[in-house]
Structure formats: structure tokens, C-alpha cells
Amino acid sequence: MAVNAAFSERKREITRLQELVYELRVRDAMTSKVITVAPQTTMAEFREVLRANRISGTPVVEGGRMVGIISIEDLIKALAAGELNATVGEKMTPRTVTLYEDDPLIHAVGKFSSLGYGRFPVINRQGDLVGILVQGDIVRALLRRMEIEYHEEEVRRYRASHLFEDILADQVTLHLRYRVVGGDFERAGEASSQLKKTLSRLGINPRIVRRVAIAAYEAEMNIVIYTDGGEIVAEVTPIRIHLEAIDHGPGIPDIQKAMEPGFSTAPEWVREMGFGAGMGLPNIQACADEMVLESTVGVGTTLKVIIYLTSGRRASTDT
Amino acid sequence: MKLRDVLEIVEGKVISRNTNLDLEVKMGCGADLMSDVLAFTHEGTLLMSGLTNPQVVRTAEMAGIQAIVFVRGKIPPPETVALAEEKGIALLASKYTMFETCGRLYRAGLPSCGLFETSLRRWREFFGEE
């Protein structure tokens with residue numbers, strides 16, 4: 001099982017790497033300090049430029065315009081032929097295959113493999129030379145970004161999961177408060193999504209996180225569907241999560257009826273979206289260790305749910 | 001079962017960008033009712049649905065579902081695709097009905113999510129047996 005876990009972890013990383021090749025731009029990977037030579041430069045002088053800067057090739061620029069590219073391979077050929085006094089202009093590859101700085105990195109990968117060149121000059125949309133890209137730059141940029149992302153999530157997780165241990169008090173409670181806008185189907189679920197992410201970062205058991213997320217989401221949908229808005233508050237302690245969904249009307253006339261599986265007052269458009277089948281409250285109850293629903297018509301509804309973090313407090317229904 | 005196997009079995013297409021076809025799904029669930037998805041699935045379930053609004057993706061996120069197959073040739077609107085890509089949830093399409101899409105996958109060895117306590121309780125209450 002451990003091997004499997006490590007394997008799927010690696011697969012995830014490879015996928016992320018593939019995504020990054022599309023996300024990152026050429027400018028994120030290129031070297032922007034470009035060393036150039038003029039066509040009149042001799043190959044002997046060019047050798048010194050390569051040596052002094054520890055590079056393997058440069059664009060050739062004349063009057064601010066790029067006229068070609070010259071590399072260490074051209075130098076080796078010139079050395080073999082004893083032509084060190086020849087000019088760069090004679091030995092360069094007179095081509096101007098370039099990359100735009102805002103091209104996705106995947107374009108660069110494609111050009112490297114289809115054209116077989118070792119480097120590409122990078123220009124901006126005005127045509128100015130702004131950088132140079134070699135194949136190694138791509139790998140470096142990808143690794144750098146992966147490391148940053150990995151580190152950031154790691155730090156977040158670490159900080160969050162040590163929160164309760166680091167804070168010295170007889171009792172520690174974390175309050176998470178999310179506003180829910182009534183009738184806004186577009187953003188419905190945002191609050192639960194953020195709550196789920198936060199609880200995961202706190203290092204809480206994924207099974208528990210899933211139960212809290214489902215209860216919060218059903219409650220959030222109820223607020224969106226039936227009310228003018230409200231809020232979801234999660235109170236997290238090392239022992240339990242206390243979830244409250246509060247709204248300010250219209251209220252539920254018959255709570256017992258509302259709790260019956262299949263009972264619903266949802267309008268047709270809500271049902272068309274896959275909700276309002278009268279399963280929301282029963283679902284919340286199935287996820288909860290304790291649940292209290294209080295409502296006053298014309299005033300509002302408060303739903304309280306408690307889910308314990310310590311296992312064994314409840315025989316889970318979702319296993 | 002990997003997503004690339006799912007695609008082959010249902011003769012499907014990929015809708016979301018940057019989809020990892022090596023993603024492993026452990027079991028399947030067919031539902032058009034979002035509360036059923038929340039109540040009768042586990043982490044790592046493949047969801048088959050005829051609903052294409054963004055809430056399907058939200059529901060999947062809450063339930064820990066990483067891939068959705070839209071059945072009956074239904075194509076989700078751009079906002080659903082955008083949300084799925086943001087959340088890293090794979091979207092696939094099948095031209096077959098819900099029954100046939102699920103049936104093909106079940107026959108190929110993708111198991112269901114099993115029996116649930118809530119279903120069994122109702123069953124016992126009505127039929128009075130264990």
C-alpha cells in the first residue's frame with residue numbers, strides 16, 4: 001500500500017509538471033541578460049565571449065536587429081578548419097527562428113524537438129530581443145516552480161496542523177465564518193469549498209473532513225435556495241467541529257415534516273439543477289454526530305451540527 | 001480502472017483540459033440528484049450524470065469525486081468546465097444513456113459504491129427483515 005501511495009504521489013507530480021508546461025511562459029524560464037556579438041566579431045573574439053560568460057552561443061545583432069545565431073559548434077568547426085580569424089558573420093546560422101516572451105513554455109518544448117536547435121532568441125511583441133532560452137532553462141524553471149508550490153503547501157499544512165499544539169491555553173477554539181448570498185447559484189458552494197480546504201490543511205482526518213463538507217454544502221445550498229442569505233460558522237476545537245448555518249428567514253413552519261426524506265418545497269428550477277429532492281436535511285443528519293434544527297417563521301433558521309474528531313464516537317454510516 | 005480505460009469502454013471523449021488519463025477510479029455511481037451523490041458515494045468514485053450545471057462540480061468536490069462522465073451526449077457549459085479545471089476534476093463525455101454507460105463500466109469490472117446504512121434502515125423498516 002505504501003508503494004502504491006508513493007507511486008500515485010509521483011503520478012500527481014508528473015501531471016502537475018505537464019500542466020506547468022502550459023501555465024508557464026517563455027519569459028518565466030529565459031535568461032534576460034542577453035550577451036550578443038556583432039557580425040564583424042572574429043571567431044577568436046567570440047571564443048573569449050563564450051569563455052568569459054560561460055555560455056554556449058549568442059544571437060548576432062547588427063544595428064539593433066538580430067541577423068543570426070552563433071554557437072560553440074560553429075566555433076569548433078572554425079577551430080578544426082583553422083579559421084579563427086573568420087568573422088562571426090561568415091560562420092553564423094543566418095536564421096531568425098524566435099520565441100515570443102509570452103508564448104507558453106510548451107511552444108518552446110515543441111520547437112526544440114522539431115527544429116533541433118540548441119537555443120532560441122526571445123523577442124517581445126514589438127520585436128525587441130529580450131532574452132534567450134536554452135533547453136536546460138525549461139527544466140530549471142519547472143523545478144523551481146514545483147519546489148515553490150510544494151514548499152508553500154507544505155508550510156501551510158505544517159502551520160495549520162501545528163496550530164493547536166503551538167497555542168498555549170486551557171482551551172483553544174478556531175472560528176471560521178463564511179457569508180452565503182441568497183439566490184446566487186453561481187457562487188453557491190464557495191463557503192463549503194473554502195471550509196473543506198481549510199479543514200484539510202488543519203490535518204483533520206479526510207473522512208471527517210468529507211462529512212463536515214457534505215453537511216456544510218447541503219446547508220449552504222438550503223440558504224441559497226430558500227433564503228435571502230446567511231452565514232456558515234465552523235467552530236473547530238481539538239475534539240470536535242461545531243457547524244452552524246444561520247439565516248434570517250423565512251423560517252420552516254413544520255420542522256418534523258422538513259426532516260422527512262423526500263419532503264420538499266423547492267420550486268421546479270431548483271429541482272432541475274439536481275437539488276430540492278427533500279434529501280438535504282436527512283443527508284446532513286447522516287453526516288452529523290449531533291444535529292439540532294431551530295426555526296421561527298418570519299425570523300429565521302439555525303442549524304447546529306456537531307461532528308467529533310476523535311474516532312469511535314460514532315459508527316460511521318459512510319464506510 | 002484508469003480514466004483511459006473508462007474512455008475506451010464508453011467510447012467517450014475528454015472535455016476538460018490537462019486531464020490525467022492515468023487517474024484511478026475505484027467505483028462508479030450514476031445519479032442526477034446531487035443529494036444522492038453526496039449520500040451514496042465514497043472518495044475516488046467515478047460519477048455518471050446527465051446534469052451539467054456547475055453545481056455538479058461543486059458536489060463532486062465536496063464528495064471527493066475526481067472525475068465525472070456526462071451521459072446521453074450532454075456537453076457541459078463553459079462555466080462548468082472552468083470550475084472543474086480550477087478544482088482539478090476531470091470531465092468526460094459519453095453518447096450512451098445513463099443505463100448503458102454505467103452498464104458498460106460495470107460489465108468491465110468497475111464496482112458500485114456498495115450498500116449504505118441509510119438504505120438498509122429503510123429496507124428493514126419496510127420489509128421487516130435483516
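Below, all heavy atoms of this structure are taken into account, side chains as well, without hydrogens, waters or symmetry copies. Throughout, protein chains are lettered first and strands after them, A, B, ... in sequence-line order, and every chain is numbered starting at 1.
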- request: Test side-chain contact (heavy atoms from CB on, under 4.5 Å) on B/Lys87 and A/Ser193 and set out the steps.
  value: CA-CA 10 Å; B/Lys87 302 290 177 193; A/Ser193 171; 3.2 Å; yes

Does atom [atom1] of [X] have more than 12 heavy-atom neighbours from other groups under 6.0 Å away?
{"X": "A/Arg271", "atom1": "CZ", "value": "yes"}
{"X": "A/Gln256", "atom1": "CD", "value": "no"}
{"X": "A/Glu260", "atom1": "CD", "value": "yes"}
{"X": "A/Asp102", "atom1": "CG", "value": "yes"}
{"X": "A/Arg187", "atom1": "CZ", "value": "no"}
{"X": "A/Arg179", "atom1": "CZ", "value": "no"}

field: Closest contact, heavy atoms only, A/Ala286 versus B/Thr118
entry: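 Residues A/Ala286 and B/Thr118, closest heavy atoms: CB-CG2, 4.2 Å.
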
field: For A/Gly280 against B/Ser35, the heavy-atom pair lying closest together
entry: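 Scanning both residues, the minimum pair turns out to be N-OG, 3.9 Å.
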
- prompt: At what distance, to the nearest 0.5 angstrom, does CZ of A/Arg210 lie from CG of B/Leu38?
  reply: 8.0 Å

- prompt: Under a 4.5 Å heavy-atom cut-off, does chain B meet the side chain of A/Glu190, its backbone, both or neither?
  reply: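 Looking at A/Glu190, backbone and side chain both touch chain B.
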
query: Just checking heavy atoms, which of residues 44-62 of chain B are less than 4.5 Å from chain A?
result: B/Leu51, B/Asn53, B/Gln55, B/Arg58, B/Thr59, B/Glu61, B/Met62

